[in-house]
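To start, the structure itself, in structure tokens.
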Amino acid sequence: MTFRPPKGTDDILPPASQAWRRVLGTFDSLAERYGYELAITPIFEATEVFERGVGEGTDVVQKEMYTFEDKGGRSLTLRPEATASMVRAYLGSGSQTPMKLAYSGPMFRYERPQAGRRRQFWQVGVEYLGEDAAGADIEVIELGYRFYQDIGLEGLEVQLNSLGDPADRAGYRSALVDFLTGIADRLSDDSRRRIDTNPLRVFDSKQDRDKLAGAPLPIDYLSDAARAHYEQVTAGLEEAGIPFSENGLLVRGLDYYTRTVFEYVATGLDAAQNAVGGGGRYDGLAEALGGRHVPAVGFSLGVDRILLAMGEGGGEPAPLDAFVVVADEARRAAATGLVRKLRETGLRADIEPGARSVKAQFRAADRRRATAAIVVGDEWDDGEVTLRLLESGDEQRVGNDAEIISTHIGSETS
RNA sequence: GUGGCUGUAGCUCAGUUGGUUAGAGCGCCGGGUUGUGGUCCCGGAGGUCGCGGGUUCGAGUCCCGUCAGCCACCCCA
């Protein structure tokens, strides 16, 4: 028996989990203020949801899926991302009106782990479903940007591009294939294979990026409608005060994107994986799943990577407002009752559950970073407790009432 | 899937050309203070040296294999 979690997965425990609570909480309230409601879908789906949604030609589908057969002979897959699930759920709901959804949860991809890449990783995201207006693109990108601002991630860059509509791709694709065929002898094996299967994916390759100078770019092949949409997005972002840079090489690794694509890059991250979030418009995804036409746009942000970029690996234990010290065991019932009342008033309060020396209890109070130690001893008979402020060492006797104690501590911490 | 680096106490590590009962710092527990922490002093607990095999009188140390971790590639969050 090993106590390590499976390869590429992590136990997130205190004190590191403190940062998780904060980041997840920030996302939750921010999404709610922007009008995105919670969506919870299964972490596994019928395999075809991802095959058809994400795209057969993508690395995610070809080699990174956790696929298994259940006892009923169904092929299921642990979700490698959430967007396909969200669209599937939206179609399943039968909704005829736009829906703004926010989600948070683990995703799974079978890969060799490294810095910023895990087999189970956590994404938060939103999807603006059933809306084709550029205003939705702008709102989504802005929401993501605001999120990074709120949690205090510095050195963030927003990169933007447009891939156009499927109709724009036909002409573009043949131009790209011509170009790539011309330099095929200098490309990596992977890229050469993609010329036939999925030429756009060549832009994903770091190895070949420098050889792509002069390659035709999707942005130069946009239809009038797609171009107008793109220009509305850039204008809207400027108006919203969101700094961004246009990157004609940005194509994203999933097949479902149309028009707008964007990525949030942490410039301060020295790890190779510096994309902390990304997204785009996917007007064709619902139809790829066999549904009706549903224009939509969304993003997903990698919480593990965000914390990595912020250097939030360790940290201090969560602070406590009060630690109740039992001076002698005969007073335990009184002390336990006091902790209960302190907690009811909203204080973070704790106590040792078994008999320990006063010294040990004070040491515990200090280690837990308590603001005050509350001693329950002989003074209890006078209706009082001793309140010691651990940082200054100031000590006084106060009424043994939770409200009174709370007031004394509150004036210290505020 | 491919390549590189690393596995000794809870953590960070030391361990001399292979040589007796494997060490340090930090952390943890207890005592010094009959009701007082964070400083200081004293004491204590805690180790299949990743695992398996081989060489040797003798392996933490050398060789082979294997597993795990880390990093990079492919690609993405």
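Naming: A, B, ... by sequence-line order, numbering from 1 per chain.
- Using a 4.0 Å heavy-atom distance criterion, A:A365 is classed as making no nucleic acid contact.
- We find the NZ-CD distance between A:K359 and A:Q361 to be 13.0 Å, quoted to the nearest 0.5 Å.
- Across the protein-nucleic acid pair, A:M65 atom CE and B:A77 atom C1' stand 17 Å apart, rounded to whole Å.
- No donor-acceptor contact under 3.5 angstrom links the side chains of A:S162 and A:T260, judged on distance only.
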Point to revise | Sugar-phosphate or base contact per nucleotide [nucleotides 42-50 of chain B; S, B, -; heavy atom under 4.0 Å] | key: ---------

Revision key, fill the gap. Intra- and inter-strand pairing of RNA chain B, written as dot-bracket with Watson-Crick and G-U pairs under 3.5 Å and | for the latter, reads (((((((..((((.....[...)))).(((((.......))))).....(((((..]....))))))))))))....

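- Heavy-atom contacts from other residues, nucleotides or ligands closer than 6.0 Å to CD of A:Q396 number more than 12.
- Enclosure of atom CD in A:Q149 by more than 12 non-hydrogen atoms of other residues, nucleotides or ligands within 6.0 angstrom is indicated.
- The environment of A:Y34 atom OH is dense: over 12 non-hydrogen atoms of other residues, nucleotides or ligands sit within 6.0 angstrom.
- The CG atom of A:L13 sits 13 Å away from the C1' atom of B:G10 (whole-angstrom rounding).
- A donor-acceptor contact under 3.5 Å is formed by the side chain of A:E111 with the base of B:A77.
- The gap from the C1' atom of B:G4 to that of B:G43 amounts to 46 Å, rounded to the nearest Å.
- Using modelled atom types and a 3.5 Å distance limit, the side chains of A:Y66 and A:Q120 yield no donor-acceptor pair.
- Counting distance only, with no hydrogens placed and no angle test, the side-chain atoms of A:D366 and the base atoms of B:G37 include a donor-acceptor pair under 3.5 Å.
- Checking A:E139, A:E131, A:E127 one by one against A:K100, the salt bridge (Lys or Arg N to Asp or Glu O under 4.0 Å) holds for a single residue, A:E139.
- Ion pairing between a basic and an acidic side chain is recognised when a charged N comes within 4.0 Å of a carboxylate O; A:R169 and A:D165 show no such pairing.
- Comparing B:C64 with B:C70, their C1' atoms are spaced 23 Å from each other, to the whole Å.
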What's touching nucleotides 27-36 of chain B from the protein side, N or O pairs under 3.5 Å?
from, atom 1, to, atom 2, distance (Å)
B:C29, OP1, A:R367, NH1, 3.3
B:C29, OP1, A:R367, NH2, 3.4
B:C29, OP2, A:R367, NH1, 3.3
B:C29, O3', A:R356, NH2, 3.4
B:G30, OP1, A:R356, NH2, 2.8
B:G30, OP2, A:R356, NH2, 3.3
B:G30, OP2, A:R363, NH2, 2.6
B:G35, O6, A:D378, N, 3.1
B:G35, O6, A:E379, OE1, 2.8
B:G35, N1, A:E379, OE1, 2.8
B:G35, N1, A:E379, OE2, 3.0
B:G35, N2, A:E379, OE2, 3.2
B:U36, O2, A:R388, NE, 3.1
B:U36, O2, A:R388, NH1, 3.2
B:U36, O2, A:E395, OE1, 3.3
B:U36, N3, A:E395, OE1, 2.8
B:U36, N3, A:E395, OE2, 3.3
B:U36, O4, A:E395, OE2, 3.0

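- The same atom, P, is picked in B:C49 and in B:U8; the two are 11 Å apart, to the nearest Å.
- Within 4.0 Å of A:G393, counting heavy atoms only, lies at least one base atom of the nucleic acid.
- Remark: ring of A:F121 overlaps the six-membered base ring of B:A77 in a stacked fashion, centroids less than 5.5 Å apart, planes less than 30° apart.
- Comparing B:G47 with B:C62, their C1' atoms sit 23 Å apart, to the nearest whole Å.
- Judged by the 6.0 Å and 45° rule, A:R119 forms a cation-pi pair with A:Y110.
- Summarising the geometry, the separation between NZ on A:K63 and C1' on B:C75 is reported as 6 Å, rounded to the nearest angstrom.
- Between the P atom of B:G38 and the CG atom of A:D394 lies a distance of 18 Å, rounded to the nearest Å.
- The 5' end of RNA chain B is approached more closely, in terms of each residue's nearest nucleotide, by A:A364 than by the other of A:R118 and A:A364.
- For the P atoms, the distance from B:G53 to B:G44 is 36 Å, rounded to whole Å.
- The CG-C1' distance, from A:L390 to B:G37, rounds to 6 Å in whole Å.
- In the displayed structure, A:L13 atom CG is contacted under 6.0 Å by more than 12 heavy atoms of other residues, nucleotides or ligands.
- Taking side-chain N and O atoms only, A:Q114 has a distance below 4.0 Å to OP1 or OP2 of B:A72.
- The nearest whole Å value for the distance from the CZ atom in A:R112 to the P atom in B:G1 is 7 Å.
- In this structure, the ring of A:F262 has its center less than 6.0 angstrom from the ring center of A:Y264.
- Spacing of C1' atoms, B:C57 relative to B:G18, comes out at 12 Å, to the nearest Å.
- Between B:G31 and B:G25, the two C1' atoms lie 22 Å apart (nearest whole Å).
- Rounded to whole Å, the distance from CD on A:E263 to C1' on B:A77 is 9 Å.
- Residues A:H229 and A:D132 have side chains that never bring a donor and an acceptor to within less than 3.5 angstrom of each other.
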Point to revise | Residues A:T67, A:F50; criterion side-chain contact (heavy atoms from CB on, under 4.5 Å); working and verdict | key: CA-CA 11 Å; A:T67 297; A:F50 304 117; over 6 Å; no

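- For the pair A:K7 NZ and B:G7 C1', the computed distance is 14 Å after rounding to whole Å.
- Residue contacts for A:E81: at a heavy-atom cut-off of 4.0 Å it reaches no nucleic acid atom on any strand shown.
- A:R368 has no side-chain polar atom (N or O) that falls below the 4.0 Å cut-off from OP1 or OP2 of B:G37.
- B:G60 and B:A14 are spaced 12 Å apart, taking the C1' atom of each and rounding to whole Å.
- Residue A:D10 is the one, among A:V202 and A:D10, whose nearest nucleotide of RNA chain B lies closer to the 5' end (criterion: closest heavy atom).
- In this structure, A:K341 NZ and A:E403 CD are separated by 11.0 Å, a value rounded to the nearest 0.5 Å.
- At the heavy-atom level, A:R109 lies under 4.0 Å from base atoms of the strands shown.
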